[in-house]
Amino acid sequence: MKAMQSIYDFTLTQLEEMLGELGQKPYRAKQIYAWLYRKRAESFEEMTDLPAGLITQLSERYVIMPVTLVDKQVARDGTAKYLFEMQDGMTVETVLMHFSFGKSVCVSSQVGCNMGCTFCASGLLKKQRDLTAGEMTAQIMYIQKELDAEGSRVDNIVIMGTGEPFDNYDNVLDFCRTVNSDHGLAIGARHITISTCGIVPKINAFAKERFQYNLAISLHAPNDELRRKLMPVDRAYPLDQLMQALREYSTDNHRRITFEYILLKGVNDSDHDAVELADLIRGMNAYVNLIPYNEVDENEYRTTDDRTALHFYDVLMKHGVKATLRTKHGEDIDAACGQLRARHERAGKA
Ligand code: SAH
């Protein structure tokens with residue numbers, strides 16, 4: 001099958017322009033949006049209030065759903081991991097998590113990743129390509145259609161799957177615009193979180209746009225010496241530059257920042273690390289999300305035990321830093337970023 005562009009690629013504004021080029025009225029864009037995102041249409045033929053000529057034009061040029069499901073694992077706690085295949089045969093992972101505050105979907109933004117974080121399974125496969133906005137939207141729509149059957153909805157989106165969202169900035173923000181649009185799924189901007197390893201120029205660009213999406217930063221170390229060992233991006237954008245950009249973002253946008261900090265046994269989980277971390281972010285409108293490490297076979301890093309994790313949390317609190325200690329999800333499946341896909345790739349090559 002020849003790959004056809006997905007209609008999910010278009011933000012509402014882009015759809016209006018595209019319709020203009022087809023000689024159609026721009027107001028049709030909102031109708032199409034309602035069909036796609038409210039009525040969850042699976043074919044253009046269903047869009048019965050569009051002129052027949054427009055339905056033909058759309059069907060000849062676009063598909064709706066650009067992904068198919070190739071694997072799904074469901075953990076005992078209900079966490080579900082999906083492996084999707086795109087039209088070029090490449091695969092991406094998406095995770096659905098059930099929290100007390102609602103259902104969250106963790107979306108991938110690239111096939112593979114070039115950031116090279118030493119603890120992460122995603123980076124085992126170098127970036128093959130960026131995902132289009134529509135391929136990210138499709139991850140949400142596929143799961144939303146499943147949830148429709150039980151009368152529930154995707155409440156939150158975190159762009160924390162495989163890939164570095166700020167290395168695919170334009171597509172990621174188009175995706176955010178689409179799922180955020182009042183004419184579509186209308187997922188509130190404050191229910192959408194973009195997580196970056198710290199690409200400073202893109203943080204600056206994001207800050208200038210005054211977006212209301214949440215920003216999360218993968219920090220994982222309180223000083224450059226350690227951070228460099230874990231995250232090569234620190235060499236390009238050391239902590240003083242990163243923190244300066246974040247202070248400006250936070251002040252200009254009046255937004256709270258989330259710092260993600262994976263606890264790695266004997267690596268970044270000492271009292272000294274906690275105090276240094278507190279010193280680094282004290283005074284900022286921020287909090288630290290302490291994340292238990294999902295162990296992967298390919299490296300030596302181990303999870304910090306619960307007692308040490310709680311102690312680390314206490315030290316942060318005592319030093320005036322707000323923190324949360326996250327519990328694990330999907331432990332009995334390949335829930336760590338990139339694990340499911342990496343396993344499939346290996347199986348495919350074997
Ligand atoms: N590139 C982006 C988003 C993808 S990673 C970023 O760096 O933020 C999403 C989060 O999962 C990051 O905080 C990342 O460091 C973390 N992560 C990666 N591998 C992990 C693992 N095995 N266990 C727990 N968290 C992991």
Side-chain angles (χ1 to χ4, degrees), residues 75 79 81 92-95 97 104-127 130-131 136 139 156-169 171-172 175-176 192-200 202-203 206 213-221 226-234 236-237 242 246 257-265 267-269 277 286-304 309 324-331 333-343:
T79 301
K81 187 144 192 168
V92 282
E93 295 176 5
T94 312
V95 181
M97 290 162 291
S104 280
V105 175
C106 177
V107 172
S108 288
S109 56
Q110 297 178 320
V111 182
C113 182
N114 278 343
M115 297 300 119
C117 299
T118 52
F119 49 80
C120 178
S122 296
L124 294 170
L125 304 160
K126 287 287 150 225
K127 179 173 103 173
D130 290 327
L131 294 196
M136 289 179 255
Q139 298 173 53
N156 296 286
I157 295 176
V158 294
I159 309 175
M160 294 187 185
T162 298
E164 167 48 47
F166 278 178
D167 185 37
N168 185 15
Y169 186 86
N171 291 349
V172 164
F175 158 67
C176 292
I192 299 173
T193 300
I194 302 175
S195 175
T196 176
C197 63
I199 300 186
V200 168
K202 290 297 173 2
I203 294 172
F206 183 80
Y213 311 119
N214 303 313
L215 188 61
I217 307 294
S218 295
L219 195 60
H220 306 326
L226 178 57
R227 196 163 188 265
R228 229 155 258 199
K229 287 187 193 147
L230 303 174
M231 305 175 70
V233 70
D234 189 85
Y237 307 111
L242 177 62
L246 293 174
I257 295 165
T258 305
F259 286 106
E260 293 156 276
Y261 195 98
I262 307 175
L263 289 166
L264 300 166
K265 193 183 181 73
V267 174
N268 64 357
D269 62 352
L277 179 59
Y287 80 98
V288 178
N289 196 354
L290 297 170
I291 306 169
Y293 181 59
N294 258 315
E295 294 179 3
V296 299
D297 294 339
E298 292 79 1
N299 67 48
E300 301 294 307
Y301 296 114
R302 290 296 160 251
T303 315
T304 298
T324 53
L325 187 57
R326 210 155 84 181
T327 50
K328 276 198 181 182
H329 280 262
E331 261 192 284
I333 57 172
D334 295 319
C337 312
Q339 273 184 312
L340 182 63
R341 179 166 168 264
R343 196 163 56 75

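Each ligand, and each atom within it, is numbered from 1 in the order the structure gives. We use all heavy atoms of the structure for the numbers below, so side chains are in, but hydrogens, waters and symmetry mates are not.
- Thr196 places a side-chain N or O within donor-acceptor distance of the main-chain N or O of Gly198, the cut-off being under 3.5 Å.
- Looking at Pro292, Ser218, Cys120 and measuring to atom 6 (C) of ligand 1, the nearest heavy atom belongs to Ser218.
- Contacts of Ile217 with ligand 1, taken as heavy-atom pairs under 4.0 Å, are absent altogether.
- Within the 4.0 Å heavy-atom shell around ligand 1 one does not find Ser109.
- Residues Ile159 and Cys176 are in side-chain contact: their nearest non-hydrogen atoms beyond the backbone lie under 4.5 Å apart.
- Contact annotation for Asn294 and ligand 1: heavy atoms of both the backbone and the side chain come within less than 4.0 Å of the ligand.
- Residue contacts with ligand 1 do not include Met231, since none of its heavy atoms lies under 4.0 Å from the ligand.
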Could you walk me through whether Val111 and Thr162 pass side-chain contact (heavy atoms from CB on, under 4.5 Å), step by step? CA-CA 7 Å; Val111 182; Thr162 298; over 6 Å; no
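- In summary, the atoms of ligand 1 found under 4.0 Å from a heavy atom of Gly163, numbered by their order in the structure, are 1 (N), 2 (C), 3 (C), 4 (C).
- For the pair Asp234 (side chain) and Arg227 (backbone), a donor-acceptor distance under 3.5 Å is absent.
- Taking every heavy atom of His220 and a limit of under 4.0 angstrom, the matching atoms of ligand 1 come to 13 (O), 14 (C), 15 (O).
- Heavy-atom proximity to atom 26 (C) of ligand 1, evaluated over Ile262, Leu219, Leu263, is greatest for Ile262.
- Residue contacts with ligand 1, taken as heavy atom pairs separated by less than 4.0 Å, involve Glu164 via backbone and side-chain atoms alike.
- Of all atoms in ligand 1, listed by their number and element, those nearer than 4.0 Å to a heavy atom of Gly161 are 4 (C).
- Between His220 and Phe119, the ring-plane angle classifies as perpendicular under the 30° and 60° cut-offs.
- Looking only at distances, a side-chain donor or acceptor of Asn171 sits under 3.5 Å from a matching main-chain atom of Leu131.
- The closest donor-acceptor contact from the side chain of Asp269 to the backbone of Ala309 lies at 3.5 Å or more, if one exists at all.
- Checking Glu295 against Thr303 by side-chain atom types alone, a donor-acceptor pair falls below 3.5 Å.
- No heavy atom of Cys113 sits closer than 4.0 Å to any atom of ligand 1.
- For ligand 1, the atoms lying closer than 4.0 Å to a non-hydrogen atom of Cys197 are 6 (C), 7 (O), 8 (O).
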